[in-house]
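Worksheet: one structure, shown below.
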Amino acid sequence: MKIKLREAQKSSNGVGSFCSVLWDQQGEHIVTASSSDSSICIHDAIFPASPAKVVRHHRDGVTALALSPNYTCLASGSIDHSVKLYKFPAGEFETNITRFTLPIRALAFNRSGTMLAAAGDDDGIKLINTIDGSIARVLKGHRGSITGIAFDPKSEYLASADSIGTIMIWELQSGKTIHILKGIAPVIGSDFFSMNIVSWSPDGELLAVPGLKNDVVMYDRDTAEKLFFLRGDHVQPICFLSWSPNGKYMATSGLDRQILIWDVDKKQDIDRQKFENRITCMAWKPIGNALAIIDIMGKYGVWESAVPSSMRSPTEDIPGLCSKIGHGLLFYDEEEENPSVSGSISDPGEDSHGESEPVSRKRLHKQHSYPDDWEEDTYEELELFPKVEPRKKAPHGHRDRSDNKRNELKNVPISAGPKMQEAIQPGATPQQPGKRRFLRYSMLGSITTMEHDGYSHIEIDFHDTSSGPRVPAMTDYFGFTMASLNENGSVFANPCKGEKNMSTLMYQPFGTWANNSEWSMRFEEEEVRAVALGIGWVAAITSCNFLRIFTQGGLQRHILSLDGPVVTAAGFKDELAVVTHASPPLPSNEQILEFRVFNIRTGTQPRLGRLPLTPGSCLSWFGFSEEGRLSSFDSKGVLRVFTNQYGGSWLPLFSASKLKKPEENYWVVGLNTSKLFCVICKSPDSFPEATPKPILSLLDLSFPLASSDLGAENLENEFIMNNMHLHRIQSTIEEMEAAGEDTNLVDDEAFNTEAALDRCILRLIASCCNGDKLVRATELVKLLALEKSVKGAIKLVTALKLSNLAERFNAILEGRMNKETTSSTVPATKLKCDTSFNAHAALTKSHVTVEGSKRLESQDSPSLNLLAPSGTKKRTLEEPIKDVNVEAENAKARKLEMAREFKSAFDTKKAKKVKDEKDKVDEVKNARKLENASEPEDGQDNNGEANKVTAQRPSNPFAKSSNNKQNTSLFDSLKKKVKADR
């Protein structure tokens with residue numbers, strides 16, 4: 001399985017650098033840094049597509065990282081000679097803990113977090129008391145740059161490695177070297193793309209060191225005796241190694257761009273991966289079978305299941321040590337537990353015997369924020385090292401058992417549940433220092449912002465400059481982080497900030513008749529998490545789970561309480577769609593989201609339900625299509641569209657996995673009935689840059705179908721898509737008819753879709769015949785909507801010499817025609833005038849043809865009828881005749897007057913037509929005979945050409961004739977209608 005790498009740190013002009021990676025205790029965050037980048041990135045390990053939190057306080061590249069054992073304090077060292085501390089995972093800067101005269105190369109916390117070791121190109125290792133920031137000791141002896149340091153898990157020793165291959169082991173109690181191993185590690189010189197590293201096994205019994213023969217050599221903790229080595233397929237020296245949490249496995253990376261996973265007990269490699277670039281750092285996930293890696297170009301990734309699943313997990317049977325894990329003693333939450341200030345490095349788990357009082361955090365931060373030009377006198381610092389009792393004494397007998405029990409509990413990792421997805425704004429990109437980013441990018445236009453000198457510069461652009469308004473650039477003094485846009489205006493919001501901790505919502509209209517129509521709202525102790533716009537309304541969802549709805553003029557109209565924290569929101573005309581968390585995520589890390597659609601104009605909630613997501617994914621885009629269809633896109637690349645079919649369901653209309661292009665990520669902008677509009681980003685980028693303007697790509701919508709035994713997936717996809725479109729059009733027609741609107745234009749679209757569906761079905765029938773799938777062909781012919789399509793299918797199977805199938809098709813056609821003849825006995829005059837004809841058709845046609853789009857219905861396969869397009873509703877003979885009232889009489893009069901007008905128009909048209917013929921007298925007589933002809937009796941069958949179904953398209957494709965054999969003129973139908981009404 002190839003590991004997908006994402007860009008975490010910027011490389012310097014394509015030149016590699018040493019990069020670092022760490023993993024927090026619960027596996028929720030990954031921290032990365034690079035010696036060519038002054039920023040530190042804190043990534044969301046659960047949702048890798050989420051924007052990283054960027055910490056930028058160094059003036060030069062970051063060369064070393066370390067996390068305190070309780071994962072509340074992050075330390076960083078840099079080429080700018082400084083060591084800084086931050087709160088973790090917030091990334092808030094706390095203090096400059098110390099400075100060197102040359103670049104820092106290595107950092108390490110001891111097991112309790114009370115001591116931080118720092119080293120680099122200077123010749124000394126500083127042991128820094130994290131309680132008050134004092135320098136406890138400086139260890140000197142290396143002659144080269146110190147590239148690796150590691151505290152013994154038992155808190156007795158410190159091991160260090162330098163660039164000339166020397167390993168030194170120090171006793172923390174005395175500060176003296178107890179072992180010096182020269183020339184046992186590779187000489188790296190000034191090549192700091194890789195580092196000599198030392199690493200203690202989790203139980204503290206072994207010290208692992210890169211060897212001179214492209215191997216790893218294990219040394220005894222007390223005697224420094226060489227015990228054994230791990231040698232395999234590395235063809236160049238090893239540049240990094242990492243023990244698994246239980247010490248059973250080890251990961252090694254070499255200059256040969258390979259990573260090998262070793263079974264330490266068996267001394268053999270069990271898996272490997274090859275990469276394009278050298279891997280400079282690795283970190284095992286503390287609570288799972290995964291390995292985080294980063295290469296010299298600043299690209300990081302996670303190797304899932306680094307240890308084969310058939311073997312013991314790397315986190316099973318983690319060795320326990322008697323030394324307790326402290327609170328970090330610089331950042332702690334429990335105020336009842338005060339840290340010790342002794343700075344004891346021999347036994348940091350024991351209480352101090354001194355009488356000194358704890359130093360407050362405020363005083364600590366002020367006292368130890370060193371200026372950039374501050375340097376320590378290392379010789380004086382040696383004298384400041386406290387005199388302590390030897391560690392090897394027995395524990396104090398008077399210690400309270402309850403304290404021991406509490407300390408034991410602290411050694412047990414607390415299992416945190418899966419993380420709930422944070423709120424997102426559709427079409428927005430994460431903040432990047434010094435770069436312009438999108439607050440909103442949609443099918444209509446874009447809103448971009450760039451921070452400069454404490455404020456931001458916002459620009460609004462429309463894709464169609466000829467129709468969109470010209471909006472002047474705006475200076476943003478509020479620090480807006482989210483926005484939405486439509487034809488009438490834009491809305492902006494920011495999180496809580498300032499001394500009063502207030503969040504701001506601002507609306508800016510594009511065109512108005514009044515001055516000062518822009519308005520804003522402030523929220524105290526309540527933060528805006530999502531915003532949306534519609535016709536005449538503005539919506540904001542806050543951290544209190546309030547949905548606040550404002551009018552376009554700024555009137556506070558409604559305040560609703562939502563069931564859970566908001567994830568996102570989107571607006572379209574009168575509709576507002578909101579996504580919230582329905583419950584905490586499942587243990588499998590599946591988000592449980594709920595959507596609801598509000599109609600702001602009517603004050604109703606027409607739709608509500610769960611929002612489906614691909615397992616293990618999060619929501620990355622949410623909105624409406626150009627036609628107003630609710631849509632969602634998740635981080636696994638699946639697009640879903642809501643439909644009213646089957647009681648309201650989500651249809652998967654696009655899957656990135658079907659394209660089989662793992663190197664591409666799709667940043668969604670919008671969609672229409674057939675295309676997905678997106679920006680294609682090359683992996684690992686998941687979003688585009690705002691400058692230059694991104695190029696939109698149009699991808700075809702298609703269902704993720706299974707591989708067909710006919711190889712006709714494209715035809716089957718076209719079949720399902722046309723059915724879906726036809727259902728949508730028919731729903732639109734029903735809504736328009738209910739509202740009394742003209743449906744002629746939609747009727748045309750319905751007929752074209754119906755014809756395209758029949759053509760697709762005919763091609764599928766041909767594929768079934770060629771693949772000898774005759775039962776499937778029979779199912780398909782029942783779905784044809786037009787009679788001439790059924791006849792075409794009969795001709796097709798006849799040409800293929802499938803006589804048995806042709807007989808079945810004929811039987812299906814005859815059965816349907818007989819069914820229509822017996823069931824459809826309502827006179828033609830019963831058809832509604834507004835769906836049977838229009839005025840233009842009456843002036844241009846001498847008669848109305850029998851409806852050409854006769855529907856196929858199947859009695860023996862009702863499940864298939866669910867896919868077939870449903871016909872327009874008809875009145876039947878059994879429908880009771882309602883009492884005639886005044887309105888009915890008026891309607892009859894209007895119909896009669898309309899019939900007279902149509903007859904007059906028909907006479908005029910006929911008179912003009914017969915003037916050009918040679919035999920005017922005969923033609924006039926024929927015309928009069930036609931006009932004076934009596935109505936045919938009920939059940940009489942008219943023969944001749946009038947009985948034939950013409951290929952001419954009827955004005956309404958959903959209107960059905962009352963008799964399959966009857967074809968009447970428009971005037972006759974009207975006359976029958978009036979007569980029946982009387």
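Side-chain atoms are counted along with the backbone in the values below, which use heavy atoms only and exclude waters and symmetry mates.
With salt bridges taken as basic N to acidic carboxylate O contacts below 4.0 Å, none links Asp461 and Lys693. Under a 4.0 Å N-O distance rule, the pair Asp295/Arg257 does not qualify as a salt bridge. Salt-bridge formation is detected for the pair Glu575/Arg607: a Lys NZ or Arg NE/NH1/NH2 atom is positioned less than 4.0 Å from an Asp or Glu carboxylate oxygen. We find that Arg529 and Glu527 are joined by a salt bridge, their nearest charged nitrogen and carboxylate oxygen being less than 4.0 Å apart.
Although no hydrogens or angles enter the test, the distance criterion places a donor-acceptor pair under 3.5 Å between the side chain of Gln425 and the main chain of Val531. Between the side chain of Trp537 and the backbone N or O of Lys573, at least one donor-acceptor pair lies under 3.5 Å.
Results of the side chain to side chain contact (heavy atoms under 4.5 Å, CB included) test with Phe622 over Val567, Leu630, Val578 single out Leu630 as the only residue that passes.
For the residue pair Thr32/His43, the side-chain donor-acceptor check at 3.5 Å is satisfied. A donor-acceptor contact closer than 3.5 angstrom is absent between the side chains of Thr475 and Tyr455.
Within the 4.5 Å cutoff, no side-chain heavy atoms of Thr691 are placed close to those of Thr448.
Here CD1 of Ile460 is found 5.0 Å from CD of Gln508. Values are rounded to the nearest 0.5 Å.
The aromatic rings of Tyr441 and His463 sit tilted relative to each other, their planes meeting at an angle between 30° and 60°.
When all heavy atoms of Ala532 and Ser484 are compared, the closest pair comes out as CA-OG, 4.0 Å.
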